[in-house]
Amino acid sequence: MSRSTNEALARGGGALDGKEILAADRTVILVGNPNVGKSVLFGALTGKYVTVSNYPGTTVEVTHGSATIEGQPWRVMDTPGTNNLLPMSEDEQVTRDILLSESGYLCVQVCDAKNLRRGLLLTAQLAEAEIPFSLALNMADEAVSRGFVIDLPKLAAALGIEVVSTVAVERKGLATLQSKLGSARPSRFVPHYDAAIEEAIDAVAPILPRGGIGPRALALMALVGDDSLRTWLAGRLPSETLARLDVLRRALAARYPESLRFVVARQRLAAVDRLHDSVVTRGGVSTTSGWARRLGHWSTHPLWGIPILLAVLGVAYLFVGVLGAGTAVDFLGHTVFDGYLVPWTDRFVRWITPGGAFQQFLVGPPGVGPAESGGILVGRYGVVSMGLSYGLAIVLPIVATFFISFSVLEDSGYLPRLAVMVHKLFHRMGLNGKAVLPMVLGLGCDTMATMTARIMETRKERVIVTLLLALAVPCSAQIAVILAMTAGLPLAATAWFSGTILLVLFLVGWLAAKVLPGRGSDFMLELPPLRVPQAGNIAVKTVARIEWYLREAMPLFVLGTLLLWTLDRLGWLRTLERWGEPVVKGLLDLPPEAASAFILGFLRRDYAAAGLFRRYQPFMEAETMTRSMQIEVTVALVTITLFIPCIANFFMIVKERGWKTGFGMAAFILPFSFGVGAGVNVLMRWLY
Amino acid sequence: MGATANPERCPLCGCGFDAGAQGCRPSCPMARGCSVVCCPNCGYSFPQENTGLAGRLRRALDRSERRRTGT
């Protein structure tokens, strides 16, 4: 074992379980992305002689063991999964520090053969670090079953190292990997950067100290301003050398509008892309060839990306807004629910229950239509005729078509590109680039997205993102109903609605970014190649999302209906409508009954929107919407979209940001949404 | 790791991970019965695809694919 490992183990000795570690001169370190099978490979190599210790000063576990390979004793070390030798997490820093502090070791990079591109990004960094290593393409069976074909000889020749295909869980390929361990060597696959970066590397590399990582990789780490390396350098370099390093770094950084970390990662990724595309084929079609690659490039182009984005949104609108919100809602609402389910429920209940008060409690008096009756199952606020009808006949077909579209976007590889396109827009708004991820995710579910806001680096960023999600990013179910309603509106009214929401998003985001102190950070997202989506994958994703939607939304739809039914029976609904009249009628010019939609908005905003949709649906279908109705729908949509978050999202905000922030946001959003709605009402009645 | 009990694949960044071991759910107030998982690489959240009806559909598709390819 090398000296530094002994020191590390001695420092973390308390955590060691004292099992036997064989004496050996040679050390092999397993490195790789998270979840690629390193630990399985480690177990297969080492058997039972394993110790687990926390890496000194951290809570990150590092596993050590012994193995006899080709008759020789080896020490084997399993490192935390890492995507980058420029660490962005404690795990990644531990792996980088192990590689930096060890000496005289070999590495085995374990890579997920299904995701070679991601693995090659690490390969390129190991090559830059001049670390001798072999590459194990693990989970090779899964890659084959998914149609990936990797040209191993070509990959090995391009990398200049041994490349072995493995299935660690079945011990396949392990003997070959072990036999080739001794011939591990540094890879020749060293990406070349632009002239300015190469010049800076040449200037910095000679002044850096020697470590387990080669001077080129160290120079790159130092140049991009890796803070975690600073302490290591400070202990080994005189202060004047550190100062010179800072000068060189600042001079290089001044040449680029983006951060150096981003620039280096982008150029390295380009080199990896070229190698990946030359050795990987999928389903008989090379990823290098043809339109997919060009389209992938155009889709993030500052100019050509916009028409592609608009085309994608247009197709999604036709599918969700016209097919889902039009045809499917019409069929399920009128034919299935109104034609069969509601009358069947009514007849069934009357058949199994004796007439009288109990029957009337369930389905209302005989001969009275559901819209007039007060039954708890079939009635104006009945669980079947309203709750299930809203959830299954109005929202479900729309969210189902939306989920299909969303899954196609994900599976085709366009979703990350959409994030990149939107990122450019958000960046101009003064928002942090990373905010794009929760924002895009918020279009699926704001509650999930609020949780994802944790990836933002500072509290300021997390608060802004949470606020914008709660305020102006409609979730999939809400988008669904919005699409259904805007489908019945003229283009000008739709433009008023979407323009208002985008303006609010822009202004509130921009103002919050100005008002709150703090700094931004970089946005980096690996772009997978564009590909033709697989029907099976789309089906599985859509079913998973629909299951999730039904579990989360349907109980609240039923609960909301029961709440309305109770309020109605107690006569409180009219009281609430009277209380809400000054705002709902006076300020927003909406019918007083819309107050109940806003009350339900506390439960789910899409439920509230579905209530509004049901009110205006007959006029939309008959194409008899008056100018006043068009304004009413637009104002109601703006207000409901900006309305306070649903109950699940509110609890998540409270959980993530605390009670003060949660209630503070609700206190801001409630009057703000009514204020904006009132403003739109005044402007539309004047200008529309 | 490779032999994960609950393998998932992030639809955004392509990261494969063990949903059973991923860390965002235990801290969530609505974790009980929730099938949403977070990618440990990029933070993207999505409904789990290896459980429930979606899981059964996935396994049926995999079986059909294996029969088709004779593996």
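First the proteins, then the strands, lettered A, B, ... as listed; each starts at 1.
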Chain B contact via A:Ala539 - side chain, backbone, both or neither, heavy atoms under 4.5 Å: both
Flag, side chain of A:Glu547 to backbone of B:Ala54, donor-acceptor distance under 3.5 Å: yes
Distance in Å, B:Leu61 CG paired with A:Gln534 CD, rounded so as to fall on 0.5 Å steps: 11.0 Å
Residues in side-chain contact (heavy atoms from CB on, under 4.5 Å) contact with A:Val654, at least two apart in sequence or another chain: A:Phe650, A:Trp659
side-chain hydrogen bond (donor to acceptor under 3.5 Å, both in side chains) involving A:Thr82 - partner list, sequence neighbours excluded: none
